[in-house]
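Input: a single structure, listed below in structure tokens.
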Amino acid sequence: MDFLAHLQLSSSNIGTSTGNNWINSTGSEIESFSPVDGKSIGVVAATDEAAYEQVMQTSQAAFEVWRTWPAPKRGEIVRQVGNALSEYKESLGKLVSYEMGKSLQEGLGEVQEMIDICDFAVGLSRQLYGLTMHSERPNHRMYEQWHPLGIVGIISAFNFPVAVWSWNAALAWVCGNVCVWKPSEKTPLCSVAVQKIIGKVFAANAVPEGVSCLVQGDYQVGEWLAKDTRIPLVSATGSTRMGKAVNQTVAGRLGKTLLELGGNNAIIISEHADLEMALLGCVFGAVGTAGQRCTTTRRLIIHESVYDQFTTTLIKAYKQLRIGNPLDASNHVGPLIDKTAVAQYLLAIDQCKQQGGRFLVEGKVLTGDEAYESGCFVQPCIAEVENSYPIVQHETFAPILYVMKYSSLAEAIALQNGVPQGLSSSIMTLNMREAEQFLAVGGSDCGIANVNIGTSGAEIGGAFGGEKETGGGRESGSDAWKAYMRRQTNTINWGTHLPLAQGIRFDI
Ligand code: UN1
């Protein structure tokens with residue numbers, strides 16, 4: 001495991017940091033076990049209240065300085081962060097794969113996503129544009145400008161232990177904010193490794209201590225962030241249940257949230273689809289990251305005329321999947337994150353059967369091979385269902401793919417939309433009218449709607465997020481940066497009179 005040494009990780013790590021200072025904490029030990037081999041990778045201490053307070057005070061002071069740095073200068077720091085991540089791409093990708101369990105290809109892809117968002121943020125640092133307006137009054141000028149918010153709290157999930165944080169941090173920083181990151185307690189070492197990489201860049205550029213902070217812990221530390229009135233924006237990625245709790249707490253103090261929660265993403269396979277291409281998109285979407293992306297393909301809605309043909313090839317493809325150590329590049333699928341996730345997978349399969357589901361590829365926990373010793377490897381499975389089954393309406397973070405038939409496109413779209421979540425969606429079709437109908441008003445109700453592409457694997461350049469129980473937030477590309485800033489409208493009178501708007505007369 002030379003990547004651990006390269007990333008300066010040891011068996012015991014301090015987990016709380018304000019950049020280059022690592023703060024001792026008496027919080028309980030969080031031990032990170034690899035789902036790949038079940039071995040302990042290392043421990044970090046959870047952040048206790050005193051360490052949290054130190055982090056908050058340091059980041060508050062850092063904001064006063066950082067916000068005065070010109071945005072392109074902040075962008076220059078982010079450019080260097082991107083370069084440093086490129087240097088460490090191999091090691092960090094391996095750590096992501098080893099601590100989280102996704103395939104090495106996907107681990108490397110996750111680090112690439114961090115590098116990409118840094119590039120994007122560098123450009124953005126010269127483009128935080130406001131509009132100018134025409135005043136109704138003579139000799140007046142109106143415009144709007146964007147100011148940073150302050151401390152951005154970032155709560156990230158285990159499934160993208162580094163990339164989703166970087167979408168938030170890279171944008172937040174160029175906008176002039178400072179960040180306090182609480183990673184998932186299931187993947188603390190990825191966050192420590194990233195913080196160390198950043199720390200070097202920050203030290204070389206005399207970035208104030210506190211611009212990038214790290215705290216560790218479970219939902220309780222998340223609650224501290226949600227309650228803390230010093231944090232104007234909390235960006236949270238995770239389950240809908242977690243997001244609702246964060247949202248209620250932050251809304252209770254009229255703070256802002258940016259939520260990226262559960263998905264229940266479907267691909268519609270039309271009778272006009274290129275079925276070979278569709279197959280690849282469906283399989284990668286369903287089994288990539290072992291079904292633990294929020295963009296994972298959970299449902300296939302297949303036209304009745306191609307249903308038998310498509311499910312037959314799908315079953316064949318599932319039989320060819322190589323499941324095993326994700327660091328071995330020849331494997332397609334790694335383990336689930338832990339045994340709790342395995343239990344949830346088994347429970348969902350049980351419930352699916354009870355509710356009437358018929359399995360085309362049976363699910364099971366894999367055993368009998370040394371490679372499966374951690375107990376976290378499961379067989380990706382496929383079940384024929386009705387969309388209305390409670391289990392199909394629910395996001396189970398595991399490789400369980402539900403398939404169903406449709407006869408008209410309107411019906412397919414209704415099925416696609418007929419779940420509480422609204423993150424990602426796709427249609428596989430070569431028929432232009434169908435594609436456009438899927439994208440038009442009355443089509444997909446999701447934040448992401450693709451044509452001839454699966455539901456996962458979005459590029460950083462677009463705004464990422466979804467509707468309904470997905471939480472409504474938008475991160476990453478497009479104009480998602482606006483969530484990290486406050487808008488100020490300025491009206492300037494450069495004339496010699498004080499005319500009032502709306503023609504009101506007020507003479508004294
Ligand atoms: C997530 O699962 O939380 O679109 C994020 C994708 C990735 C990001 C997923 N770029 O699948």
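As the structure lists them, so they are numbered: ligands from 1, and atoms in each ligand from 1.
For atom 3 (O) of ligand 1, the closest non-hydrogen atom on the protein side is Cys294 SG, 2.6 Å. Closest protein heavy atom to atom 6 (C) of ligand 1: Gly457 N, 3.1 Å. Nearest protein heavy-atom neighbour of atom 7 (C) of ligand 1: Arg293 NH1, 3.7 Å. Nearest protein heavy-atom neighbour of atom 9 (C) of ligand 1: Phe160 CE1, 3.5 Å. With respect to atom 4 (O) of ligand 1, the closest heavy atom belonging to the protein is Ala458 N, 2.7 Å. Of all protein heavy atoms, the one lying nearest to atom 10 (N) of ligand 1 is Glu113 OE2, 2.9 Å.
There is no side-chain donor-acceptor pair under 3.5 Å between Tyr406 and Gln416. Between the side chains of Thr240 and Gln421, not a single donor N or O lies within less than 3.5 Å of an accepting N or O. Side-chain contact of Ser212 with Trp181: a donor-acceptor pair under 3.5 Å is absent, judged by distance alone. Gln216 and Lys182 share no donor-acceptor pair across their side chains, judged by distance under 3.5 Å alone. There is no side-chain donor-acceptor pair under 3.5 Å between Asn265 and Arg299.
Residue Arg293 forms a side chain to side chain donor-acceptor pair (under 3.5 Å) with just one option from Thr297, Thr295, Thr296, Thr289, and that option is Thr289.
Ligand 1 has no N or O atom lying under 3.5 Å from any N or O atom of Gln292, backbone or side chain. Ligand 1 has no N or O atom lying under 3.5 Å from any N or O atom of Thr237, backbone or side chain.
Only the side chain of Trp167 comes within 4.0 Å of ligand 1, judged by heavy-atom distances. Proximity of Thr296 to ligand 1, defined as any heavy-atom pair under 4.0 Å, is not found for any part of the residue.
Using a 4.5 Å cut-off on side-chain heavy atoms (C-beta onward), Leu347 and Gln351 make contact. The shortest side-chain heavy-atom distance between Asn331 and Ser103 does not fall under the 4.5 Å cut-off.
With ligand atoms numbered from 1 in the order given, ligand 1 contributes 4 (O), 5 (C), 9 (C) to contacts under 4.0 Å with heavy atoms of Phe464. Less than 4.0 angstrom separates some heavy atom of Asn159 from each of these atoms of ligand 1: 1 (C), 2 (O), 3 (O). Atoms of ligand 1 found under 4.0 Å from any heavy atom of Glu260, numbered from 1 in the order shown, are 3 (O).
When atom types are taken as modelled, the side chain of Lys196 and the backbone of Gln8 share a donor-acceptor pair closer than 3.5 angstrom.
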